[in-house]
Amino acid sequence: MELLLDTANLEKIRGALDKYPVSGVTTNPSILGKEGSADFISTINSILEEIGTLPLHVQVVGKTKDEMVGEGLSLSKLSRNIYVKVPVTKDGLGAIKELSKAGVKVTATAIYSSIQGILASIAGARYLAVYCNRMEGSGIDYENVIDEISSTVKDSVVLGASFKNAGQVVKAFYAGARAVTVDPGLLDSALSSPLIESAVGAFRSDWDEKYGGRSISELV
Ligand code: E4P
């Protein structure tokens, strides 16, 4: 299973790499648009520098197949760790096919239906990004779509995306996703429940009472 970070914010990436078992970073034009630098290449290079050998998924913005292929080829030259994100439209599918054939690693994105995921897999995409929260908001059963895709495709990884809470992440994994991409803030919130804090606090005060506040390192 894989956990990716859905952010282009260097501080968040740095903080999350320190704490979480991170397998890579995903971006899209909206995520990049939220960050300070208007210099696309320097933002991408800074993220690549921050994450070392981990994969970075970067989306094309071209409207036609040829534009997407051109952008994908250029992006893939930036680093061998780049995955080119291509939306699964009619043109996008053609671009996925051509880029994959050229050896470019492709993440199919903007997936709202099983047929998009299955076709993108046949076209050669390595990851299939399913937009869970957006689907839920439109009354589409994302768990069923993930289940159908993951039970059908063998050569691509279903990547749950577009999450707004930890419950959706768990449901995506349970439905068959083998990877998810989430904003680090969602992980921070999921791990800051008062129940967890109260359990950990009680263990610590029982320890302090018994061992006078000394650390395990001092005693071992
Ligand atoms: C990642 O691949 C997607 O672009 C992203 O998760 C979409 O998230 P959003 O629905 O919060 O914009």
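Just the heavy atoms: all of them, side chains too, but no hydrogens, waters or symmetry mates, feed the values below. The model shown is predicted, which means the values in this text are computed figures rather than measured ones.
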Mark yes or no for whether Glu71, through its side chain, and Gly62, through its backbone, hold a donor-acceptor pair below 3.5 Å.
yes
Any donor-acceptor pair under 3.5 Å linking the side chain of Lys105 with the backbone of Arg80?
yes
Tell me whether Gln116 contacts the main-chain N or O of Val88 through its side chain, where contact means a donor paired with an acceptor under 3.5 Å.
yes
Compare all side-chain heavy atoms of Leu5 with those of Lys12 and state whether any distance is below 4.5 angstrom.
no
Close side-chain approach of Asp183 to Asn9, heavy-atom, < 4.5 Å
no
Are there over 12 heavy-atom neighbours, none belonging to Ile216, within less than 6.0 Å of that residue's CD1?
no
Look only at the side chain of Asp91 and the backbone of Lys65, and say whether a donor-acceptor pair between them is shorter than 3.5 Å.
yes
Any idea which heavy atoms bring Pro87 and Ala110 closest together, and the distance?
CB-CB, 4.2 Å
So, the side chain of Ser100 versus the backbone of Gly124: is there a donor-acceptor pair under 3.5 Å, distance only?
yes
Test side chain to side chain contact (heavy atoms under 4.5 Å, CB included) on Asn28 and Thr109; report intermediate values, then the result.
CA-CA 10 Å; Asn28 63 33; Thr109 196; over 6 Å; no
Please answer: with hydrophobic residues joined when any side-chain heavy atoms are less than 4.5 Å apart, are Ile13 and Tyr83 in the same cluster?
no
With Thr181, the side-chain hydrogen bond (donor to acceptor under 3.5 Å, both in side chains) member among Thr27, Thr107, Thr26
Thr26
Taking CG in Asp206 as the centre, count heavy atoms belonging to other residues, nucleotides or ligands within less than 6.0 Å. Is the count above 12?
yes
Smallest separation among heavy atoms of Ser46 and Ser42, with atom names:
OG-O, 2.7 Å
Students often mix this up, so state it plainly: with edges at 30° and 60°, are the rings of Tyr127 and His57 parallel, tilted or perpendicular?
perpendicular
Are Met1 and Val158 in one and the same hydrophobic cluster, where Ile, Leu, Val, Met, Phe, Trp and Tyr link if side-chain heavy atoms are under 4.5 Å apart?
yes
Val58 side chain reached by Leu78 side chain, heavy atoms, under 4.5 Å:
no
Examine distances only and state if a side-chain atom of Glu98 and a backbone atom of Gly94 form a donor-acceptor pair shorter than 3.5 Å.
no
Which atom names give the shortest non-hydrogen contact between Leu128 and Ala120, and what distance separates them?
CD2-CB, 3.8 Å
Is the shortest side-chain heavy-atom distance between Ile82 and Val84 below 4.5 Å?
yes
Taken to the nearest 0.5 Å, the spacing of Leu93 CG from Met68 CE works out to 10.0 Å
Nearest heavy-atom approach of Ala125 to Ile96 is N-CG2, 3.9 Å
Taking side chain as C-beta onward, heavy atoms only, is Tyr211 less than 4.5 Å from Glu218?
no
Just how far is it from atom OG1 of Thr7 to atom CG of Leu186, taken to the nearest 0.5 Å?
12.0 Å
What pair of heavy atoms forms the shortest contact from Gln168 to Ser162, and how long is it?
OE1-O, 4.4 Å
Does Ser215 offer a backbone N or O that forms a donor-acceptor pair with the side chain of Trp207 under 3.5 Å?
no
So Asn81 and Leu56, do their side chains get closer than 4.5 Å, heavy atoms only?
no
So Arg204 and Asp208, do their side chains get closer than 4.5 Å, heavy atoms only?
yes
Which heavy atom of Met135 sits nearest to which heavy atom of Tyr112, and what is that distance?
CE-O, 3.3 Å
With a 3.5 Å distance limit and no angle check, can you tell me whether Ser121 reaches the backbone of Gly117 through a side-chain donor-acceptor pair?
no
If we only count heavy atoms from C-beta on, is the Leu10 to Glu35 side-chain gap below 4.5 Å?
no
